[in-house]
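Input: a single structure, listed below in structure tokens.
Just so it is clear: chains get the letters A, B, ... in the order the sequence lines come, proteins before strands, and each one is counted from 1. Values reported hereafter were calculated over all heavy atoms of this structure, with side chains retained and with hydrogens, waters and symmetry mates removed.
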Number of protein chains: 2
Amino acid sequence: MQKKDYQAKLAASQYKLTGQRATVLEVMINNRGKHLSAEEVLQQARKLRPNIGIATVYRTLEKLASLEILYKGMFDSGKYRYELADDREHHHHHAVCVNCGSITEIKDDLLCELEKNIEKQGFRIVDHDLKFYGYCPKCSPS
Amino acid sequence: MQKKDYQAKLAASQYKLTGQRATVLEVMINNRGKHLSAEEVLQQARKLRPNIGIATVYRTLEKLASLEILYKGMFDSGKYRYELADDREHHHHHAVCVNCGSITEIKDDLLCELEKNIEKQGFRIVDHDLKFYGYCPKCSPS
DNA sequence: TTAATAATGATAATTATTATCATTAGGGAG
DNA sequence: CTCCCTAATGATAATAATTATCATTATTAA
């Protein structure tokens, strides 16, 4: 998806496509594949719109996540991170380096079977989250 | 494992087995299979030792996790939760109910293959974390 | 027993997030 | 175009979880 598609999605919602929201969206698009914290989004957004406030950033990220334009996740650092949701559509997951903290993507299709078993037990799954912790190639003692 | 084994593990470490630490350990053992927040541990611990402080609880949980007696994890509620680590040894995972927040255990052995693939890419895995989100049997609209 | 060190509890400080509120900005009715 | 209504914004206060500080207490080693 590209910029105008996201804007269309937002415009079609109950919310308005304001300048601030477009800015946050643009930051996320410029950082496709990365996982930004609210603070990091603020830093980037201020380059485009110097007086945007942190509250607006939080509010916008929350709204974009509720529209499923963004995915909101917790990567064991004690704060939430956001990424464009369509990067997640193909069920990829995250490998978190315990040394440098870098996050890389992992593709996966092995989970379907496991999910079926769980649903047999009466638990109706709507989402899942898989993370691997270890040493990325750069940090690996090798 | 039982109480004395954990105590032995702690005693064998660089840390002392104080009364407070034994209390926190006992709370965790009494709640085997549950995932307690620091605040919940404090509540339980105060029943056994009324004047234990929250700082000691945090410090003790941190130490027990560093000794791998406990597992410390984030279940998307914005706070850490702790559980006895040996409950995790058989690679079970968590199903988090998005309605009532209950956490149930999922056994799993399907991940080995996926891990092998990731290691081929040069990422050395030391741990992983798999969570399912959905509706538990009680909350399922069914 | 005493000196050194580690642990504790109270509480201050910090960090991430959410709530409040006065002000501003758009969008439709006339 | 102007007025009104509501939504959105930015500044900042409030909250929640966690971590740091520090004086006091307990434990260990000599």
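Residues R21(B) and K16(B) come closest through the heavy atom pair NH1-O, 3.0 Å. Here the closest heavy-atom approach between residue Q7(A) and residue A22(A) is recorded as NE2-CB, 4.1 Å.
Taking atom CD on Q20(B) and atom P on dA6(C), their separation rounds to 17 Å, with Å as the unit. Atom CD1 of I52(A) is separated from atom P of dA11(D) by 11 Å (rounded to the nearest Å). Here dA26(D) presents its C1' atom at 14 Å from CG of L17(B), a figure rounded to the nearest Å. Taking atom CZ on R59(A) and atom P on dA7(D), their separation rounds to 14 Å, with Å as the unit. Atom CD of Q14(B) is separated from atom C1' of dT5(C) by 14 Å (rounded to the nearest Å). Across the protein-nucleic acid pair, K79(B) atom NZ and dT18(C) atom C1' stand 15 Å apart, rounded to whole Å. Atom OH of Y82(B) and atom P of dT18(D) are 6 Å apart (whole Å). Computed from coordinates, the M74(B) CE to dA17(D) P distance equals 11 Å when rounded to whole Å.
For the side-chain hydrogen bond (donor to acceptor under 3.5 Å, both in side chains) with Q43(A), the lone residue among E40(A), E39(A), K47(A) that qualifies is E39(A).
Between dG10(D), dA7(C), dA10(C), one nucleotide has an atom nearer to the side chain of T18(B) than all others, and that is dA7(C). Considering only side-chain atoms of K16(A), the nucleotide from dA7(D), dA11(D), dT8(C) that sits closest is dA7(D). Here dT17(C) is the nucleotide among dA8(D), dT17(C), dA10(C) with the atom lying nearest to any side-chain atom of Y58(A).
Map K72(A) and T56(B) each onto its nearest nucleotide of DNA chain C; the residue landing nearer the 5' end is T56(B). Place I54(A) and Y80(B) on DNA chain D by their nearest nucleotides, and I54(A) ends up nearer the 5' end. Nearer the 5' end of DNA chain C, as judged by each residue's closest nucleotide, is the contact made by G19(B), out of A55(A) and G19(B).
The stretch residues 36-43 of chain A has no heavy atom under 4.0 Å from DNA chain C, so no residue of it qualifies as close.
T56(B) places no side-chain N or O within 3.5 Å of a backbone atom of I52(B) that could act as its donor or acceptor partner. A donor-acceptor contact shorter than 3.5 Å is absent between the side chain of R81(B) and the backbone of K72(B). R32(B) places no side-chain N or O within 3.5 Å of a backbone atom of L84(B) that could act as its donor or acceptor partner.
Residue-level contact check: R21(B) touches the backbone only, with heavy atoms under 4.0 Å from sugar-phosphate atoms and none from bases.
When side chains are defined from C-beta on, Y82(B) does not count as touching L36(B), because their heavy atoms never get closer than 4.5 Å.
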